[in-house]
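Here the structure is a predicted model, which means the values were calculated and not measured. Index from 1, following the sequence.
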Amino acid sequence: REEREKAANHPAIVQYHQAVNAIDKRVERGTLEREIAARAKARAKELVSGAITDADFANGKYKEDMTPDALIAAVTKK
């Protein structure tokens with residue numbers, strides 16, 4: 001089980017990398033500030049840890065929360 005959770009092709013990890021890459025692209029294009037991007041990527045790292053250990057979270061709310069827009073919104077809302 002541990003090997004599956006750490007595998008690079010784990011669905012939660014794949015979605016994490018997609019979100020982080022999309023955030024990095026926005027920084028490259030100048031449409032997102034580096035500070036906000038860093039906070040969004042930190043939030044993504046927290047979420048992926050939770051998704052790997054909790055299958056219900058991974059199959060539910062994680063997919064919504066791991067989109068680049070949702071990550072950015074989570075770190076910018078007051």
Handout entry: Asn21 CG to Ile23 CD1 distance, which is reported to the nearest 0.5 Å
Key = 9.5 Å

Fill in the blank from the handout: Between the CG atom in Asp24 and the CZ atom in Arg34, the distance rounded to the nearest 0.5 Å is 9.0 Å

Practice task
Identify the two heavy atoms, one from Tyr16 and one from Lys41, that lie closest to each other, and give their separation to 0.1 Å.
Solution key: CE1-O, 4.4 Å

Handout entry: Gly50 backbone acceptor or donor facing Asp54 side chain under 3.5 Å
Key = no

Exercise for the section: Report the C-alpha separation of Val48 and His10 in whole Å, then their side-chain angles, then the decisive distance to 0.1 Å, and conclude whether the side-chain contact (heavy atoms from CB on, under 4.5 Å) test is met. Expected result: CA-CA 10 Å; Val48 76; His10 188 288; over 6 Å; no

Handout entry: Closest approach of Ala74 to Arg43 (non-hydrogen atoms, all atoms of both residues)
Key = CB-NE, 4.4 Å

Exercise for the section: Look up atom NZ in Lys63 and atom CG in Leu47, then write down how far apart they are to the nearest 0.5 Å. Expected result: 14.5 Å

Exercise for the section: Mind checking the CD1-CG spacing from Ile36 to Leu71? Nearest 0.5 Å is all I need. Expected result: 12.5 Å

Handout entry: Basic-acidic side-chain contact under 4.0 Å: Arg26, Asp69
Key = yes

Handout entry: Interatomic distance, Ile72 atom CD1 to Glu33 atom CD [nearest 0.5 angstrom]
Key = 11.0 Å

Problem - Stepwise side-chain contact (heavy atoms from CB on, under 4.5 Å) test for Lys45 and Val20 - result: CA-CA 9 Å; Lys45 196 167 204 167; Val20 168; over 6 Å; no

Handout entry: Heavy-atom closest pair, residues Ala51 and Ala58
Key = O-CB, 3.3 Å

Problem - For Glu35, salt bridge (Lys or Arg N to Asp or Glu O under 4.0 Å) partners two or more places apart - result: Arg39

